[in-house]
There are 2 protein chains.
Amino acid sequence: MIRRLPQARSRGIPEATVARLPLYLRALTALTERGVTTVSSEDLAEAAGVNSAKLRKDLSHLGSYGTRGVGYDVEYLIYQISRELGLTQDWAVAIVGVGNLGRALANYGGFVSRGFRVAALFDSDPGVVGDHIAGLNVEHIDELETVIKRRGVSIVVIATPADAAQQVCDRVIAAGVTSILNFAPVVLSVPDGVDVRKVDLSIELQILAFHEQRKANREGGGPAMAEDWQQGASA
Amino acid sequence: MIRRLPQARSRGIPEATVARLPLYLRALTALTERGVTTVSSEDLAEAAGVNSAKLRKDLSHLGSYGTRGVGYDVEYLIYQISRELGLTQDWAVAIVGVGNLGRALANYGGFVSRGFRVAALFDSDPGVVGDHIAGLNVEHIDELETVIKRRGVSIVVIATPADAAQQVCDRVIAAGVTSILNFAPVVLSVPDGVDVRKVDLSIELQILAFHEQRKANREGGGPAMAEDWQQGASA
DNA sequence: CCTTGTGAAGCGATTCACAGCG
DNA sequence: CGCTGTGAATCGCTTCACAAGG
(Lines give C-alpha, C1' and ligand atoms only; values in the text may rest on other atoms or scores of the structure.)
Protein backbone atom coordinates (compact mmCIF):
# COMPACT_ATOMS: atom_id res chain seq x y z
CA MET A 1 0.00 0.00 0.00
CA ILE A 2 2.86 2.31 0.72
CA ARG A 3 5.28 2.05 -2.14
CA ARG A 4 8.69 1.68 -0.59
CA LEU A 5 11.14 4.37 -1.52
CA PRO A 6 14.10 3.25 -3.60
CA GLN A 7 16.63 4.02 -0.88
CA ALA A 8 14.47 4.17 2.19
CA ARG A 9 17.41 2.79 4.13
CA SER A 10 20.01 5.03 2.47
CA ARG A 11 22.10 5.92 5.42
CA GLY A 12 20.83 2.76 7.02
CA ILE A 13 17.98 3.83 9.27
CA PRO A 14 15.28 1.13 9.33
CA GLU A 15 11.72 2.20 8.62
CA ALA A 16 10.58 0.88 11.97
CA THR A 17 13.08 3.13 13.68
CA VAL A 18 12.07 6.19 11.66
CA ALA A 19 8.47 5.60 12.69
CA ARG A 20 9.47 5.73 16.36
CA LEU A 21 11.73 8.76 16.28
CA PRO A 22 8.79 11.19 16.47
CA LEU A 23 7.67 9.33 19.58
CA TYR A 24 11.03 9.81 21.25
CA LEU A 25 11.03 13.42 20.21
CA ARG A 26 7.70 13.97 21.88
CA ALA A 27 8.84 12.28 25.08
CA LEU A 28 12.05 14.30 25.10
CA THR A 29 10.17 17.55 24.60
CA ALA A 30 7.96 16.70 27.56
CA LEU A 31 11.07 15.99 29.66
CA THR A 32 12.66 19.28 28.70
CA GLU A 33 9.52 21.12 29.76
CA ARG A 34 9.81 19.51 33.15
CA GLY A 35 13.39 20.72 33.41
CA VAL A 36 15.01 17.31 32.97
CA THR A 37 18.41 17.64 31.29
CA THR A 38 19.63 14.03 31.25
CA VAL A 39 17.75 10.78 30.78
CA SER A 40 18.61 7.09 30.76
CA SER A 41 17.45 4.73 28.02
CA GLU A 42 15.31 3.04 30.64
CA ASP A 43 13.41 6.20 31.56
CA LEU A 44 13.08 7.54 28.05
CA ALA A 45 11.84 4.19 26.83
CA GLU A 46 9.22 4.17 29.56
CA ALA A 47 8.08 7.66 28.61
CA ALA A 48 7.83 6.70 24.96
CA GLY A 49 6.13 3.40 25.66
CA VAL A 50 8.78 1.09 24.20
CA ASN A 51 11.36 -1.21 25.72
CA SER A 52 14.79 0.10 26.50
CA ALA A 53 16.79 -2.27 24.32
CA LYS A 54 14.77 -1.17 21.33
CA LEU A 55 15.28 2.47 22.18
CA ARG A 56 19.04 2.06 22.42
CA LYS A 57 19.19 0.13 19.17
CA ASP A 58 17.10 2.83 17.48
CA LEU A 59 19.27 5.65 18.73
CA SER A 60 22.43 3.77 17.81
CA HIS A 61 21.36 4.12 14.18
CA LEU A 62 21.71 7.88 14.46
CA GLY A 63 25.11 7.80 16.13
CA SER A 64 26.62 7.46 19.59
CA TYR A 65 24.89 10.29 21.32
CA GLY A 66 24.76 8.84 24.83
CA THR A 67 27.26 8.72 27.66
CA ARG A 68 27.90 5.34 29.25
CA GLY A 69 27.11 5.29 32.91
CA VAL A 70 25.09 8.48 32.57
CA GLY A 71 22.49 8.51 29.82
CA TYR A 72 21.50 10.94 27.09
CA ASP A 73 21.58 14.73 27.13
CA VAL A 74 17.97 15.69 26.47
CA GLU A 75 18.57 18.89 24.49
CA TYR A 76 21.26 17.37 22.36
CA LEU A 77 19.19 14.31 21.55
CA ILE A 78 16.23 16.51 20.61
CA TYR A 79 18.45 18.34 18.18
CA GLN A 80 19.88 15.17 16.64
CA ILE A 81 16.50 13.52 16.16
CA SER A 82 14.99 16.72 14.77
CA ARG A 83 17.80 17.03 12.31
CA GLU A 84 17.48 13.41 11.26
CA LEU A 85 13.74 13.77 10.70
CA GLY A 86 14.26 16.98 8.75
CA LEU A 87 12.40 19.13 11.24
CA THR A 88 15.08 21.78 11.37
CA GLN A 89 13.71 23.08 8.13
CA ASP A 90 10.31 24.50 7.39
CA TRP A 91 7.84 22.35 5.44
CA ALA A 92 4.97 23.92 3.57
CA VAL A 93 1.90 21.68 3.72
CA ALA A 94 -1.26 22.01 1.67
CA ILE A 95 -4.58 20.49 2.67
CA VAL A 96 -6.97 19.51 -0.10
CA GLY A 97 -10.59 19.11 0.92
CA VAL A 98 -11.96 21.41 3.57
CA GLY A 99 -14.76 19.31 4.99
CA ASN A 100 -14.99 18.47 8.66
CA LEU A 101 -11.73 16.63 8.63
CA GLY A 102 -9.82 19.15 6.55
CA ARG A 103 -10.99 21.88 8.87
CA ALA A 104 -9.88 19.93 11.91
CA LEU A 105 -6.48 19.35 10.35
CA ALA A 106 -6.08 23.01 9.44
CA ASN A 107 -6.72 23.98 13.03
CA TYR A 108 -4.65 21.18 14.52
CA GLY A 109 -1.90 22.70 16.61
CA GLY A 110 0.37 19.67 16.40
CA PHE A 111 1.25 20.46 12.80
CA VAL A 112 2.57 23.92 13.36
CA SER A 113 4.55 22.92 16.41
CA ARG A 114 7.13 20.90 14.48
CA GLY A 115 8.39 22.68 11.42
CA PHE A 116 5.16 22.18 9.51
CA ARG A 117 3.29 25.16 8.18
CA VAL A 118 -0.13 24.90 6.57
CA ALA A 119 0.45 27.03 3.51
CA ALA A 120 -2.70 26.43 1.50
CA LEU A 121 -6.23 25.06 1.67
CA PHE A 122 -8.16 23.88 -1.37
CA ASP A 123 -11.71 22.85 -2.07
CA SER A 124 -13.91 22.46 -5.11
CA ASP A 125 -17.13 23.60 -3.44
CA PRO A 126 -17.84 27.25 -4.35
CA GLY A 127 -19.66 27.57 -1.04
CA VAL A 128 -16.44 26.92 0.83
CA VAL A 129 -13.92 28.66 -1.44
CA GLY A 130 -13.17 32.06 0.00
CA ASP A 131 -13.82 31.02 3.60
CA HIS A 132 -11.15 31.88 6.12
CA ILE A 133 -10.00 28.93 8.18
CA ALA A 134 -7.11 28.99 10.60
CA GLY A 135 -6.06 32.31 9.11
CA LEU A 136 -6.00 31.01 5.57
CA ASN A 137 -8.11 31.70 2.57
CA VAL A 138 -9.64 28.56 1.03
CA GLU A 139 -8.68 28.47 -2.61
CA HIS A 140 -10.38 26.82 -5.53
CA ILE A 141 -9.00 23.49 -6.61
CA ASP A 142 -8.31 25.02 -10.02
CA GLU A 143 -5.45 26.92 -8.41
CA LEU A 144 -3.86 23.72 -7.13
CA GLU A 145 -0.83 23.55 -9.40
CA THR A 146 -0.14 27.27 -9.41
CA VAL A 147 -0.31 27.69 -5.65
CA ILE A 148 1.68 24.54 -4.88
CA LYS A 149 4.51 25.77 -7.04
CA ARG A 150 4.37 29.37 -5.93
CA ARG A 151 4.39 28.56 -2.22
CA GLY A 152 6.85 25.70 -2.40
CA VAL A 153 4.45 23.11 -0.99
CA SER A 154 6.23 19.79 -0.63
CA ILE A 155 3.71 17.77 1.39
CA VAL A 156 0.03 17.46 0.53
CA VAL A 157 -2.70 16.18 2.81
CA ILE A 158 -5.65 14.68 0.97
CA ALA A 159 -8.86 15.02 2.96
CA THR A 160 -11.33 14.81 0.10
CA PRO A 161 -14.12 12.29 -0.42
CA ALA A 162 -12.91 8.93 -1.70
CA ASP A 163 -13.94 9.47 -5.30
CA ALA A 164 -11.91 12.66 -5.69
CA ALA A 165 -8.73 11.41 -4.05
CA GLN A 166 -7.00 9.72 -6.97
CA GLN A 167 -7.59 12.69 -9.23
CA VAL A 168 -6.20 15.11 -6.66
CA CYS A 169 -3.30 12.76 -6.13
CA ASP A 170 -2.44 12.69 -9.83
CA ARG A 171 -2.57 16.46 -10.05
CA VAL A 172 -0.35 17.18 -7.07
CA ILE A 173 2.18 14.65 -8.30
CA ALA A 174 2.16 16.31 -11.71
CA ALA A 175 2.83 19.56 -9.86
CA GLY A 176 5.96 18.02 -8.38
CA VAL A 177 4.80 16.85 -4.96
CA THR A 178 6.31 13.55 -3.79
CA SER A 179 4.95 13.23 -0.26
CA ILE A 180 1.27 12.63 0.40
CA LEU A 181 -0.72 11.97 3.53
CA ASN A 182 -4.00 10.36 2.51
CA PHE A 183 -7.13 10.35 4.67
CA ALA A 184 -9.45 9.20 1.91
CA PRO A 185 -10.44 5.54 2.14
CA VAL A 186 -8.94 4.48 -1.18
CA VAL A 187 -5.69 2.94 -2.31
CA LEU A 188 -3.85 5.64 -4.24
CA SER A 189 -1.72 4.51 -7.12
CA VAL A 190 1.40 6.55 -7.52
CA PRO A 191 4.63 6.30 -9.52
CA ASP A 192 7.89 5.18 -7.92
CA GLY A 193 9.55 7.84 -5.87
CA VAL A 194 6.32 9.19 -4.46
CA ASP A 195 5.73 8.46 -0.82
CA VAL A 196 2.17 7.93 0.39
CA ARG A 197 1.14 7.40 3.97
CA LYS A 198 -2.44 6.77 4.83
CA VAL A 199 -4.62 7.18 7.85
CA ASP A 200 -7.93 5.40 7.83
CA LEU A 201 -10.05 5.97 10.88
CA SER A 202 -12.48 3.22 10.06
CA ILE A 203 -9.68 0.67 9.69
CA GLU A 204 -8.42 1.44 13.18
CA LEU A 205 -11.89 0.84 14.59
CA GLN A 206 -12.19 -2.43 12.72
CA ILE A 207 -8.94 -3.67 14.20
CA LEU A 208 -10.20 -2.76 17.66
CA ALA A 209 -13.47 -4.54 16.96
CA PHE A 210 -11.57 -7.69 16.04
CA HIS A 211 -9.77 -7.73 19.37
CA GLU A 212 -12.87 -6.70 21.28
CA GLN A 213 -14.75 -9.63 19.79
CA ARG A 214 -11.93 -11.92 20.80
CA LYS A 215 -12.07 -10.72 24.35
CA ALA A 216 -15.85 -11.01 24.51
CA ASN A 217 -15.76 -14.56 23.18
CA ARG A 218 -13.06 -15.62 25.58
CA GLU A 219 -14.81 -14.25 28.64
CA GLY A 220 -17.63 -16.65 27.95
CA GLY A 221 -20.46 -15.89 25.59
CA GLY A 222 -20.13 -12.29 24.57
CA PRO A 223 -22.77 -9.93 23.22
CA ALA A 224 -23.92 -12.05 20.30
CA MET A 225 -23.02 -14.61 17.64
CA ALA A 226 -21.00 -16.83 19.90
CA GLU A 227 -22.44 -19.94 18.29
CA ASP A 228 -20.83 -20.80 14.99
CA TRP A 229 -17.31 -20.43 16.19
CA GLN A 230 -15.51 -23.67 16.78
CA GLN A 231 -17.08 -25.43 13.85
CA GLY A 232 -14.11 -25.30 11.52
CA ALA A 233 -13.90 -23.74 8.10
CA SER A 234 -16.24 -25.97 6.19
CA ALA A 235 -18.39 -23.99 3.79
CA MET B 1 3.00 1.80 22.69
CA ILE B 2 0.24 -0.64 21.94
CA ARG B 3 0.16 -3.21 24.68
CA ARG B 4 -0.11 -6.55 22.96
CA LEU B 5 -3.13 -8.53 23.93
CA PRO B 6 -2.44 -11.76 25.81
CA GLN B 7 -3.80 -13.99 23.07
CA ALA B 8 -3.71 -11.71 20.07
CA ARG B 9 -2.98 -14.76 17.96
CA SER B 10 -5.62 -16.93 19.67
CA ARG B 11 -7.02 -18.74 16.72
CA GLY B 12 -3.75 -17.93 15.00
CA ILE B 13 -4.43 -14.84 12.93
CA PRO B 14 -1.28 -12.68 12.82
CA GLU B 15 -1.64 -9.02 13.74
CA ALA B 16 -0.30 -7.98 10.36
CA THR B 17 -3.05 -9.94 8.69
CA VAL B 18 -5.77 -8.48 10.90
CA ALA B 19 -4.56 -5.00 9.99
CA ARG B 20 -5.05 -5.77 6.31
CA LEU B 21 -8.45 -7.44 6.46
CA PRO B 22 -10.29 -4.08 6.51
CA LEU B 23 -8.40 -3.19 3.34
CA TYR B 24 -9.57 -6.33 1.60
CA LEU B 25 -13.06 -5.69 2.81
CA ARG B 26 -13.07 -2.23 1.29
CA ALA B 27 -11.76 -3.52 -2.01
CA LEU B 28 -14.36 -6.29 -2.05
CA THR B 29 -17.16 -3.87 -1.32
CA ALA B 30 -16.06 -1.72 -4.24
CA LEU B 31 -16.04 -4.80 -6.48
CA THR B 32 -19.51 -5.80 -5.41
CA GLU B 33 -20.78 -2.33 -6.25
CA ARG B 34 -19.42 -2.75 -9.74
CA GLY B 35 -21.29 -6.01 -10.04
CA VAL B 36 -18.23 -8.28 -9.86
CA THR B 37 -19.11 -11.62 -8.30
CA THR B 38 -15.81 -13.50 -8.49
CA VAL B 39 -12.26 -12.29 -8.12
CA SER B 40 -8.79 -13.81 -8.33
CA SER B 41 -6.15 -13.23 -5.68
CA GLU B 42 -4.19 -11.34 -8.31
CA ASP B 43 -6.97 -8.84 -9.00
CA LEU B 44 -8.06 -8.44 -5.41
CA ALA B 45 -4.48 -7.91 -4.32
CA GLU B 46 -4.08 -5.21 -6.94
CA ALA B 47 -7.24 -3.47 -5.78
CA ALA B 48 -6.09 -3.59 -2.17
CA GLY B 49 -2.56 -2.48 -2.96
CA VAL B 50 -0.74 -5.60 -1.73
CA ASN B 51 0.95 -8.49 -3.48
CA SER B 52 -1.02 -11.58 -4.31
CA ALA B 53 1.03 -14.09 -2.34
CA LYS B 54 0.47 -12.02 0.78
CA LEU B 55 -3.23 -11.82 0.10
CA ARG B 56 -3.54 -15.57 -0.32
CA LYS B 57 -1.55 -16.22 2.82
CA ASP B 58 -3.71 -13.75 4.73
CA LEU B 59 -6.95 -15.31 3.55
CA SER B 60 -5.65 -18.79 4.25
CA HIS B 61 -5.61 -17.86 7.93
CA LEU B 62 -9.37 -17.50 7.84
CA GLY B 63 -10.02 -20.77 6.05
CA SER B 64 -10.13 -22.14 2.53
CA TYR B 65 -12.66 -19.84 1.00
CA GLY B 66 -11.38 -19.83 -2.58
CA THR B 67 -11.85 -22.16 -5.53
CA ARG B 68 -8.72 -23.31 -7.34
CA GLY B 69 -8.66 -22.34 -10.95
CA VAL B 70 -11.44 -19.79 -10.34
CA GLY B 71 -10.86 -17.38 -7.48
CA TYR B 72 -12.96 -16.12 -4.59
CA ASP B 73 -16.67 -15.47 -4.43
CA VAL B 74 -16.90 -11.78 -3.58
CA GLU B 75 -20.06 -11.86 -1.45
CA TYR B 76 -18.98 -14.89 0.48
CA LEU B 77 -15.55 -13.46 1.21
CA ILE B 78 -17.10 -10.19 2.38
CA TYR B 79 -19.21 -12.16 4.81
CA GLN B 80 -16.31 -14.23 6.12
CA ILE B 81 -14.02 -11.24 6.64
CA SER B 82 -16.81 -9.24 8.26
CA ARG B 83 -17.51 -12.06 10.61
CA GLU B 84 -13.84 -12.47 11.49
CA LEU B 85 -13.49 -8.76 12.19
CA GLY B 86 -16.62 -8.76 14.30
CA LEU B 87 -18.51 -6.41 12.00
CA THR B 88 -21.61 -8.54 11.90
CA GLN B 89 -22.47 -7.14 15.27
CA ASP B 90 -23.20 -3.57 16.21
CA TRP B 91 -20.55 -1.64 18.14
CA ALA B 92 -21.46 1.39 20.21
CA VAL B 93 -18.70 3.98 20.08
CA ALA B 94 -18.32 7.05 22.26
CA ILE B 95 -16.24 10.07 21.32
CA VAL B 96 -14.71 12.07 24.13
CA GLY B 97 -13.65 15.61 23.26
CA VAL B 98 -15.77 17.51 20.79
CA GLY B 99 -13.24 19.94 19.38
CA ASN B 100 -12.54 20.20 15.68
CA LEU B 101 -11.34 16.65 15.47
CA GLY B 102 -14.10 15.14 17.61
CA ARG B 103 -16.67 16.93 15.50
CA ALA B 104 -15.10 15.64 12.31
CA LEU B 105 -15.09 12.11 13.68
CA ALA B 106 -18.71 12.36 14.78
CA ASN B 107 -19.69 13.35 11.26
CA TYR B 108 -17.41 10.87 9.54
CA GLY B 109 -19.49 8.56 7.43
CA GLY B 110 -16.96 5.75 7.37
CA PHE B 111 -17.75 4.85 10.96
CA VAL B 112 -21.42 4.22 10.51
CA SER B 113 -20.94 2.24 7.35
CA ARG B 114 -19.38 -0.75 9.07
CA GLY B 115 -21.23 -1.80 12.15
CA PHE B 116 -20.05 1.17 14.18
CA ARG B 117 -22.57 3.51 15.74
CA VAL B 118 -21.58 6.72 17.47
CA ALA B 119 -23.65 6.39 20.61
CA ALA B 120 -22.38 9.28 22.72
CA LEU B 121 -20.35 12.49 22.62
CA PHE B 122 -18.70 14.01 25.68
CA ASP B 123 -16.98 17.26 26.46
CA SER B 124 -16.04 19.18 29.57
CA ASP B 125 -16.63 22.64 28.10
CA PRO B 126 -20.05 23.98 29.23
CA GLY B 127 -20.14 26.00 26.03
CA VAL B 128 -20.20 22.82 24.00
CA VAL B 129 -22.27 20.55 26.23
CA GLY B 130 -25.83 20.53 24.96
CA ASP B 131 -24.85 21.16 21.34
CA HIS B 132 -26.30 18.85 18.75
CA ILE B 133 -23.72 17.25 16.50
CA ALA B 134 -24.45 14.55 13.98
CA GLY B 135 -27.83 14.09 15.58
CA LEU B 136 -26.42 13.58 19.05
CA ASN B 137 -26.56 15.66 22.18
CA VAL B 138 -23.12 16.47 23.60
CA GLU B 139 -23.04 15.31 27.18
CA HIS B 140 -20.98 16.52 30.09
CA ILE B 141 -17.94 14.49 30.93
CA ASP B 142 -19.41 13.93 34.39
CA GLU B 143 -21.90 11.57 32.75
CA LEU B 144 -19.11 9.47 31.22
CA GLU B 145 -19.43 6.35 33.36
CA THR B 146 -23.22 6.37 33.53
CA VAL B 147 -23.76 6.82 29.82
CA ILE B 148 -21.09 4.32 28.81
CA LYS B 149 -22.74 1.65 30.90
CA ARG B 150 -26.29 2.55 30.00
CA ARG B 151 -25.65 2.54 26.25
CA GLY B 152 -23.31 -0.41 26.18
CA VAL B 153 -20.37 1.52 24.75
CA SER B 154 -17.47 -0.83 24.15
CA ILE B 155 -15.09 1.34 22.12
CA VAL B 156 -14.05 4.85 23.11
CA VAL B 157 -12.38 7.40 20.88
CA ILE B 158 -10.26 9.92 22.77
CA ALA B 159 -10.07 13.24 20.93
CA THR B 160 -9.28 15.47 23.90
CA PRO B 161 -6.26 17.70 24.40
CA ALA B 162 -3.15 15.81 25.45
CA ASP B 163 -3.32 16.73 29.12
CA ALA B 164 -6.82 15.34 29.59
CA ALA B 165 -6.28 12.07 27.74
CA GLN B 166 -4.83 9.91 30.50
CA GLN B 167 -7.52 10.93 32.93
CA VAL B 168 -10.27 10.16 30.43
CA CYS B 169 -8.53 6.89 29.65
CA ASP B 170 -8.49 5.86 33.32
CA ARG B 171 -12.14 6.69 33.74
CA VAL B 172 -13.40 4.79 30.71
CA ILE B 173 -11.34 1.77 31.70
CA ALA B 174 -12.83 1.94 35.17
CA ALA B 175 -16.22 1.97 33.47
CA GLY B 176 -15.35 -1.31 31.78
CA VAL B 177 -14.13 -0.22 28.35
CA THR B 178 -11.24 -2.26 26.96
CA SER B 179 -10.80 -0.80 23.47
CA ILE B 180 -9.54 2.72 22.94
CA LEU B 181 -8.65 4.71 19.87
CA ASN B 182 -6.41 7.57 20.94
CA PHE B 183 -5.91 10.75 18.93
CA ALA B 184 -4.21 12.67 21.71
CA PRO B 185 -0.44 12.96 21.33
CA VAL B 186 0.44 11.11 24.53
CA VAL B 187 1.38 7.57 25.44
CA LEU B 188 -1.52 6.19 27.42
CA SER B 189 -0.71 3.74 30.14
CA VAL B 190 -3.30 1.03 30.52
CA PRO B 191 -3.57 -2.28 32.35
CA ASP B 192 -3.17 -5.59 30.56
CA GLY B 193 -6.18 -6.64 28.57
CA VAL B 194 -6.94 -3.12 27.39
CA ASP B 195 -6.25 -2.50 23.74
CA VAL B 196 -5.11 0.94 22.66
CA ARG B 197 -4.54 2.04 19.10
CA LYS B 198 -3.26 5.49 18.37
CA VAL B 199 -3.42 7.85 15.46
CA ASP B 200 -1.01 10.76 15.55
CA LEU B 201 -1.33 13.11 12.63
CA SER B 202 1.88 14.92 13.42
CA ILE B 203 3.87 11.68 13.51
CA GLU B 204 2.74 10.77 10.02
CA LEU B 205 3.92 14.14 8.74
CA GLN B 206 7.27 13.72 10.46
CA ILE B 207 7.80 10.38 8.77
CA LEU B 208 7.00 11.97 5.41
CA ALA B 209 9.40 14.80 6.17
CA PHE B 210 12.16 12.31 6.82
CA HIS B 211 11.73 10.72 3.42
CA GLU B 212 11.22 14.04 1.71
CA GLN B 213 14.50 15.28 3.13
CA ARG B 214 16.19 12.14 1.86
CA LYS B 215 14.85 12.70 -1.62
CA ALA B 216 15.81 16.37 -1.63
CA ASN B 217 19.34 15.60 -0.55
CA ARG B 218 19.77 12.89 -3.12
CA GLU B 219 18.54 15.01 -6.00
CA GLY B 220 21.37 17.41 -5.31
CA GLY B 221 21.06 20.29 -2.95
CA GLY B 222 17.50 20.43 -1.75
CA PRO B 223 15.67 23.34 -0.17
CA ALA B 224 18.09 24.04 2.64
CA MET B 225 20.65 22.63 5.07
CA ALA B 226 22.36 20.38 2.59
CA GLU B 227 25.76 21.12 4.08
CA ASP B 228 26.45 19.20 7.26
CA TRP B 229 25.32 15.86 5.95
CA GLN B 230 28.06 13.51 4.97
CA GLN B 231 30.28 14.52 7.85
CA GLY B 232 29.60 11.53 10.08
CA ALA B 233 28.20 11.59 13.55
CA SER B 234 30.92 13.48 15.36
CA ALA B 235 29.47 15.97 17.82
C1' DC C 1 -4.57 -25.11 -17.72
C1' DC C 2 -5.63 -21.97 -14.19
C1' DT C 3 -5.55 -20.29 -9.51
C1' DT C 4 -5.48 -21.48 -4.69
C1' DG C 5 -3.12 -22.88 -0.56
C1' DT C 6 1.26 -23.70 1.66
C1' DG C 7 5.98 -25.58 3.00
C1' DA C 8 10.36 -23.48 2.96
C1' DA C 9 13.56 -19.83 2.34
C1' DG C 10 14.58 -15.13 3.09
C1' DC C 11 14.59 -10.89 5.48
C1' DG C 12 13.95 -7.32 8.73
C1' DA C 13 12.91 -6.19 13.37
C1' DT C 14 12.99 -7.33 18.29
C1' DT C 15 15.07 -9.05 22.23
C1' DC C 16 18.78 -10.90 24.86
C1' DA C 17 22.86 -10.55 27.24
C1' DC C 18 27.18 -8.75 27.86
C1' DA C 19 31.46 -6.35 26.42
C1' DG C 20 33.02 -1.66 26.43
C1' DC C 21 33.53 2.58 28.37
C1' DG C 22 32.76 6.81 31.09
C1' DC D 1 29.84 0.50 39.20
C1' DG D 2 26.12 1.96 35.82
C1' DC D 3 24.49 2.58 31.46
C1' DT D 4 25.34 2.57 26.62
C1' DG D 5 26.12 0.26 22.34
C1' DT D 6 26.03 -4.05 19.89
C1' DG D 7 26.90 -9.00 18.27
C1' DA D 8 24.11 -13.00 18.38
C1' DA D 9 19.82 -15.39 18.94
C1' DT D 10 15.14 -15.21 18.01
C1' DC D 11 10.84 -14.05 16.27
C1' DG D 12 7.38 -12.96 12.92
C1' DC D 13 6.25 -11.46 8.48
C1' DT D 14 7.00 -11.62 3.51
C1' DT D 15 8.12 -13.80 -0.59
C1' DC D 16 9.10 -17.64 -3.43
C1' DA D 17 7.94 -21.55 -5.88
C1' DC D 18 5.30 -25.39 -6.52
C1' DA D 19 2.14 -29.22 -5.28
C1' DA D 20 -2.84 -29.80 -4.94
C1' DG D 21 -7.04 -29.59 -6.98
C1' DG D 22 -11.11 -27.63 -9.47
Side-chain angles (χ1 to χ4, degrees), chain A residues 1-5 7-21 23-24 28 36-74 76-77 80 207 232-235, chain B residues 1-5 7-10 12-21 23-24 28 36-74 76-77 80-81 207 232-235:
Chain A
M1 79 210 65
I2 291 173
R3 208 166 271 285
R4 188 177 309 289
L5 294 177
Q7 287 90 347
R9 296 173 15 265
S10 311
R11 201 228 214 143
I13 302 186
E15 263 308 298
T17 295
V18 172
R20 282 186 296 265
L21 290 179
L23 225 56
Y24 304 151
L28 287 163
V36 179
T37 59
T38 295
V39 69
S40 68
S41 64
E42 194 66 51
D43 291 352
L44 180 54
E46 153 113 44
V50 303
N51 103 11
S52 67
K54 194 189 302 198
L55 174 84
R56 288 199 302 279
K57 180 77 83 179
D58 281 343
L59 294 184
S60 78
H61 286 112
L62 312 193
S64 284
Y65 296 143
T67 307
R68 289 164 203 247
V70 178
Y72 301 89
D73 180 273
V74 176
Y76 186 56
L77 200 50
Q80 291 299 344
I207 296 171
S234 64
Chain B
M1 76 210 65
I2 293 171
R3 207 166 271 285
R4 189 178 308 288
L5 293 176
Q7 289 92 344
R9 298 175 11 267
S10 313
I13 301 187
E15 263 308 297
T17 295
V18 173
R20 280 187 297 264
L21 291 180
L23 225 55
Y24 303 152
L28 286 163
V36 178
T37 59
T38 295
V39 69
S40 68
S41 65
E42 195 66 51
D43 291 353
L44 180 54
E46 154 112 43
V50 303
N51 101 11
S52 67
K54 194 188 298 195
L55 174 84
R56 287 199 303 277
K57 179 77 85 181
D58 282 343
L59 294 185
S60 78
H61 287 113
L62 312 193
S64 284
Y65 297 141
T67 309
R68 292 168 201 243
V70 179
Y72 300 89
D73 182 272
V74 175
Y76 185 56
L77 199 49
Q80 290 299 345
I81 295 179
I207 296 171
S234 64

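Numbered from 1 within each chain, the chains take letters A, B, ... in sequence-line order.
Remark: the B/R68 side chain and the C/dT4 base include a donor-acceptor N/O pair separated by less than 3.5 Å.
One atom, NE2 of A/H61, and another, P of D/dT4, lie 17 Å apart when rounded to the nearest Å. One atom, CZ of B/R56, and another, C1' of C/dC2, lie 12 Å apart when rounded to the nearest Å. Rounded to an integer number of Å, the gap from B/Y65 OH to D/dG21 P is 19 Å. Taking atom CZ of A/R20 as the reference point, atom C1' of C/dG12 lies 12 Å away to the nearest angstrom. When the P atom of C/dT14 is taken as reference, atom CD1 of A/I13 falls 14 Å away, rounded to whole Å. Straight-line distance from the CG atom of A/L59 to the P atom of D/dT6: 11 Å, rounded to whole Å. Atom NZ of A/K57 and atom P of C/dA13 are 12 Å apart (whole Å). Following rounding to the nearest Å, B/D58 (CG) and C/dT6 (P) show an atom-to-atom distance of 13 Å.
In the set C/dT15, D/dT4, C/dG5, the nucleotide with an atom closest to the side chain of B/S64 is C/dG5. Of the listed nucleotides (C/dT4, C/dA13, C/dG22), C/dA13 has the atom at the smallest distance from the side chain of A/E15. Checking C/dT15, D/dG22, C/dG22 against the side-chain heavy atoms of A/T67 singles out C/dG22 as nearest. Here the nucleotide nearest the side chain of A/P14, chosen from D/dT15, C/dA13, D/dC13, is C/dA13.
Neither OP1 nor OP2 of C/dG22 sits under 4.0 Å from any side-chain N or O of A/Y72. For the pair B/N51 and D/dT15, the criterion of a side-chain N or O lying under 4.0 Å from OP1 or OP2 is met.
With rounding to the nearest 0.5 angstrom, the OH atom of B/Y24 is 10.5 Å from the CG atom of B/L77.
Side-chain contact between A/S52 and A/R56 is present, with heavy atoms from C-beta onward closer than 4.5 Å. Using a 4.5 Å heavy-atom cutoff, the side chains of B/V36 and B/D43 are not in contact.
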